[in-house]
Amino acid sequence: MSDGFAQHWKLELKYGRLKTPYTHYTLIADGIAGDMAEGFTSRSGRAWMAMKVWSTSEDEAIDMAKTIGFEIGFKVDGKIQLYETEPEQPPRDKPHAYSIQFTPYEK
């Protein structure tokens, strides 16, 4: 990625010079944190998982939250809130997730 693109990708996206088949979403999912994969931390038990995704649809974004959550030790078993949001990272060639965070809570 060139420095010019890295600095101006939001403007390129806004004005249609950067095309993508993806929509940007932020998801918040209720579930249970277990043994977390390397690079992720959360107290075991009830937690909210937040993530940002570029995906082709709302359904794909929800599937990504469930699949990625499972792969890193989080089981989505409750409500998933989905919002179309402004991106913090540019789209890529494939759907992807980033900024995955966990917030434990007591039930």
Side-chain angles (χ1 to χ4, degrees):
M1 194 179 306
S2 71
D3 287 339
F5 179 79
Q7 294 173 3
H8 302 291
W9 67 267
K10 283 188 179 183
L11 289 174
E12 297 288 317
L13 189 63
K14 180 178 179 178
Y15 293 111
R17 291 185 290 269
L18 172 60
K19 304 280 188 199
T20 181
Y22 307 119
T23 302
H24 189 270
Y25 299 101
T26 298
L27 296 99
I28 303 169
D30 188 16
I32 301 172
D35 292 329
M36 305 301 283
E38 187 174 333
F40 297 95
T41 59
S42 179
R43 181 183 76 214
S44 292
R46 300 296 315 170
W48 291 99
M49 175 180 68
M51 69 170 41
K52 298 175 186 308
V53 301
W54 281 102
S55 68
T56 57
S57 68
E58 291 180 1
D59 288 339
E60 181 179 53
I62 290 168
D63 288 344
M64 289 171 69
K66 291 176 181 178
T67 301
I68 293 168
F70 180 78
E71 290 174 355
I72 60 179
F74 184 82
K75 182 180 186 300
V76 175
D77 70 353
K79 184 177 180 181
I80 298 175
Q81 300 172 44
L82 175 75
Y83 306 94
E84 192 170 328
T85 56
E86 290 293 318
E88 295 175 9
Q89 291 185 8
R92 298 182 189 163
D93 293 338
K94 296 180 180 178
H96 73 279
Y98 64 98
S99 293
I100 302 170
Q101 301 174 354
F102 298 91
T103 305
Y105 70 89
E106 296 295 326
K107 197 163 188 176

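When reading the values below, keep in mind they use all heavy atoms of this one structure, side chains included, and skip hydrogens, waters and symmetry mates. These figures come from a predicted structure and were not determined experimentally.
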Kindly give the heavy-atom pair with the smallest separation between [X] and [Y], and that separation in Å.
{"X": "P91", "Y": "T20", "answer": "CB-OG1, 3.6 Å"}
{"X": "E71", "Y": "A37", "answer": "O-CB, 4.2 Å"}
{"X": "A97", "Y": "M51", "answer": "CB-SD, 4.2 Å"}

For this session: Applying side chain to side chain donor-acceptor pair (under 3.5 Å), name anything that partners E88, two or more places apart in sequence or on another chain.
Result: none
Problem set entry | Pairing residues for R46 by the side chain to side chain donor-acceptor pair (under 3.5 Å) criterion, not counting sequence neighbours | D30, D77, Y105
Just how far is it from atom [atom1] of [X] to atom [atom2] of [Y], taken to the nearest 0.5 Å?
{"X": "M49", "Y": "I32", "atom1": "CE", "atom2": "CD1", "value": "13.0 Å"}
{"X": "T67", "Y": "I72", "atom1": "OG1", "atom2": "CD1", "value": "11.5 Å"}
{"X": "Q81", "Y": "W48", "atom1": "CD", "atom2": "CH2", "value": "5.5 Å"}
{"X": "S44", "Y": "D35", "atom1": "OG", "atom2": "CG", "value": "6.0 Å"}

Exercise. So, the side chain of Y98 versus the backbone of Q89: is there a donor-acceptor pair under 3.5 Å, distance only?
Worked result: yes
Problem set entry | Main-chain N/O of E86 paired with K52 side-chain donor or acceptor, under 3.5 Å | no
For this session: For residues 62-84, pull every pair meeting ring-ring contact (aromatic ring centres under 6.0 Å, His included), keeping only residues two or more places apart or in separate chains.
Result: F74-F102
Would you check if [X] and [Y] make a side-chain contact, meaning some heavy-atom pair closer than 4.5 Å?
{"X": "E60", "Y": "V53", "answer": "no"}
{"X": "S55", "Y": "D63", "answer": "no"}
{"X": "T41", "Y": "M36", "answer": "no"}

In the single-linkage hydrophobic clustering (I, L, V, M, F, W, Y; side-chain heavy atoms under 4.5 Å), do [X] and [Y] co-cluster?
{"X": "L82", "Y": "Y22", "value": "no"}
{"X": "I62", "Y": "I28", "value": "no"}
{"X": "M64", "Y": "I100", "value": "yes"}

For this session: Report the relative orientation of the aromatic rings in W54 and H24; use parallel for angles under 30°, tilted for 30 to 60°, perpendicular for over 60°.
Result: perpendicular
